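All figures in this text were calculated on a predicted structure; none of them were measured in a lab. Residue numbers begin at 1 in each chain, while the letters A, B, ... track the order of the sequences.
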Amino acid sequence: MSHMHENAMTRGESHHTRRVPALALALSAVLVLVATLALLPVSALAMTTNKATARPNEDGGSGVIGAMDTRLTWEGTVGDDEEVSSITLSLPEGATFDHASTRITVLDGLNRTSIDGTATSSGNSVDVQFSEGIPAGSLVRLEITNMQFPADGGDYVVSGSYTTADGQSHALDDSAAISVIANTPLQAAVSWLDAQPWVAAWNSNPFLGMFFKPQLLLTSFASLFPGWLVCLGIVLVCYPFAIVLGLAFAMLKTSRHKVLRAIAICYINLLRGTPLFLQIYIMFFGLPMVGINIDNNVLGVIVMAVNSSAYLAEIFRAGIQSIPQGQYEAAASLGMNGFQTMTSIILPQTVRRVIPTVTSDFITSYKDTSLLSSVGVMELMMFSKNLTTTTGNITPYMAAAIYYLIVTLPLIKVVGIIENNIARSERGGGPRPKRRAVAGASQESEEAKEELATSAEVSHTEEAKPATDVFAALSAPFVSHPTVDLGGVADGE
Amino acid sequence: MANKHRHSHGDVPVVPDALSAEEAASLAFASDKTLTKHHFTEGEHPIVRIEHLNKSFDDTKVLRDVNLDVWPGEVVVVLGPSGSGKSTMLRCINLLETPTAGHILIEDQEITGQSKTDVNKLRREVGMVFQSFNLFPHLTAKQNVMIGQTKVLKRSKDADFKPPQLSGGQQQRVAIARAVAMHPNVLLFDEPTSALDPELVRGVLDVIRDLAENSGMTMIVVTHEMDFAREVADRVVFMEDGVVVEQGVPEKVFDHPENARTAEFLGSIG
């Protein structure tokens with residue numbers, strides 16, 4: 001049944017009166033009867049229920065949601081030797097046929113017979129009285145619009161009864177069960193939005209209605225959520241691997257051995273020099289061709305990790321090389337070996353310096369997981385694409401954009417804060433050591449302290465001259481205690 | 001001195017083998033006894049021996065046949081115009097630079113040439129204080145001082161301020177403490193006050209003077225601080241163009257320089 005039919009019918013309410021020339025009616029009735037009798041060698045003895053279905057009312061989905069208007073379609077066939085004058089359909093407690101409108105279609109064989117009727121609804125059942133008896137063998141279709149299933153959800157069967165022309169009442173067979181989704185708070189909210197005049201006004205604007213339809217925005221958030229989790233999952237799992245790989249290749253690229261450097265350069269340049277999109281295609285379509293089948297999500301993590309590692313390797317290399325030569329020399333002059341220098345001097349400083357760039361790269365990787373939708377990974381982009389396809393509305397994409405921004409905007413802010421902190425600490429921000437007070441210096445203003453401090457230091461070291469403990473003299477300005485415990489140092493000799 | 005072409009990058013001078021310990025000690029004593037205030041003891045050997053030290057960077061000869069002996073506990077101040085090779089000589093002593101030719105011996109152990117020196121062990125015994133401090137900016141002052149001990153000497157112990165929060169003078173004193181904490185036999189100072197504001201120089205020099213007078217540590221100090229050199233040095237060495245031009249006790253070098261270049265340099269500085 002097309003939409004146009006249904007709309008026309010909705011306007012007709014529960015009373016349908018159709019006048020067709022009597023002659024044509026009679027003629028066709030006879031023809032259909034003959035045809036039906038000829039076509040049905042075995043005839044049913046009583047009215048049978050053929051099917052009962054409900055029209056999906058889930059926005060962008062295929063489910064039937066309880067306590068929301070839907071259309072119930074019931075079909076039955078009148079038994080032989082019977083003429084049906086009324087049919088009563090009922091659903092379990094909670095369903096409602098109030099405000100429903102019913103359309104009656106009677107097919108006598110291949111011919112449509114127009115029969116009027118009066119539908120009377122009472123709570124969870126509807127009673128249809130036909131203006132004339134429906135002849136034996138006819139197919140009866142009742143389409144009941146604007147009815148609602150119970151809010152709880154579950155599998156519901158349509159039961160009921162019919163009366164024949166001779167006044168006898170018979171029970172109808174139960175229909176096959178109709179699965180109904182429970183009406184969630186989300187659905188309730190959507191229903192509420194549906195009823196709001198401002199929502200209707202909003203949606204009547206072509207732009208707002210197409211890009212920011214409130215109802216669809218709500219349902220999109222709910223149905224895109226799993227995709228968002230997949231995105232986050234992929235990038236969070238891939239990133240530690242990317243960091244380790246990136247660090248390894250940064251080390252190789254700064255290595256003294258030509259071959260190792262060459263390997264690193266090839267790896268980094270090939271991955272940075274080709275689009276991630278292409279890399280995804282090569283891996284997702286190439287590996288199955290050679291018989292390697294890896295789960296989509298796992299392969300997604302692998303491709304993203306390998307791709308990110310190339311960028312991270314360059315970030316780390318630049319970070320390591322930005323550490324001044326003096327740091328290596330100072331470490332060396334203390335007798336540190338290469339490994340100690342790397343782990344306790346160079347890398348800790350590198351980490352600080354690269355945190356903003358690495359965070360930016362993380363943001364890029366997170367966004368780039370969207371490319372995986374092209375090869376069937378069920379991530380955010382994939383979900384929103386599907387939803388847009390079924391609804392014909394761009395709002396799901398907007399919901400996806402919001403899901404991306406939820407993560408990226410705070411991270412962008414964090415990058416800014418970290419950069420400021422690093423800049424501040426490199427300018428020497430933070431508290432300064434308190435200089436040891438000399439006589440009269442303690443009451444001086446902040447401005448005067450700086451100048452006085454120099455003389456304080458000098459006089460301190462001069463006073464400390466007799467002390468053989470050089471450490472105490474050296475460290476005194478930096479510790480709150482008057483002396484540093486250096487016993488361990490001296491004893492350990 | 002014979003030159004022999006070995007590599008495409010510059011000529012490598014051929015120098016005599018290092019002298020034996022006894023021979024070197026007696027020769028050094030003979031030449032140095034009038035040049036230093038050091039109090040020699042019976043049978044003493046130089047703690048640092050530099051023989052025929054040559055160093056080139058590509059085609060530029062920075063050190064040309066430098067010979068110098070430093071005695072245990074002696075404070076040697078090296079003077080000279082910039083580019084004279086003072087810092088390079090210092091950096092050769094703890095192998096931050098690899099000499100092109102010549103010998104360096106620490107406690108009669110050769111560290112140059114084919115010797116299988118454990119560089120890290122050597123550097124534990126030869127501390128270095130840099131012109132630009134080179135503190136580790138991610139560590140606090142105290143951690144800077146202790147890191148050599150904890151990481152290298154494996155002794156665990158733990159000022160709570162990080163280098164950028166400290167003045168240059170404070171940073172340099174932390175750097176000195178860091179070097180001293182390793183208990184080196186020899187402490188090298190590479191222009192320790194050159195990067196400091198004038199008002200901060202004094203504090204750092206006081207610390208070095210304190211070390212020189214009270215620690216008994218052997219020190220080689222490259223500096224431009226003439227007053228400091230005059231007060232603290234047992235011996236002053238004047239270098240120019242990669243060679244030692246003149247050396248002697250401070251009073252002699254400062255007040256009666258023998259070499260015209262020394263006189264000119266001291267005159268221009270003074």
Student: If you round to the nearest 0.5 Å, how far is CD of A/Q327 from NE2 of B/H138?
Tutor: 8.0 Å
Student: Would you check if A/S333 and B/M182 make a side-chain contact, meaning some heavy-atom pair closer than 4.5 Å?
Tutor: no
Student: Report the option among B/V119, B/L135, B/L188 that has the most heavy-atom pairs separated by less than 4.5 Å from atoms of chain A.
Tutor: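 Counting heavy-atom pairs under 4.5 Å, the top option is B/L135.
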Student: Can you measure from CD (A/E329) to CE (B/M128) and round to the nearest 0.5 angstrom?
Tutor: 7.0 Å
Student: With only heavy atoms counted, which part of B/V126 is less than 4.5 Å from chain A, the side chain, the backbone, both or neither?
Tutor: backbone
Student: Side chain from CB out, backbone as N, CA, C, O: work out which of these in B/L95 comes under 4.5 Å of a heavy atom of chain A, or both, or neither.
Tutor: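 No part of B/L95 comes within 4.5 Å of chain A.
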Student: What are the two closest heavy atoms between A/Q349 and B/P137, and how far apart are they?
Tutor: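 Closest pair (atom of A/Q349, atom of B/P137, distance): OE1-CG, 3.2 Å.
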Student: Non-hydrogen atoms of chain A under 4.5 Å away: do they reach the side chain of B/F136, the backbone, both or neither?
Tutor: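 For B/F136, the contact with chain A is made by backbone and side chain together.
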Student: Roughly how far, to the nearest 0.5 Å, is the CG atom of B/N120 from the OG1 atom of A/T341?
Tutor: 7.5 Å
Student: Please indicate whether A/F241 has more than 12 foreign heavy atoms, meaning atoms of other residues, nucleotides or ligands, lying under 6.0 Å from its CZ.
Tutor: no
Student: Which atoms of B/R178 are under 4.5 Å from chain A, going by heavy atoms: the side chain, the backbone, both sets, or neither?
Tutor: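 Backbone plus side chain of B/R178, per the 4.5 Å heavy-atom cut-off to chain A.
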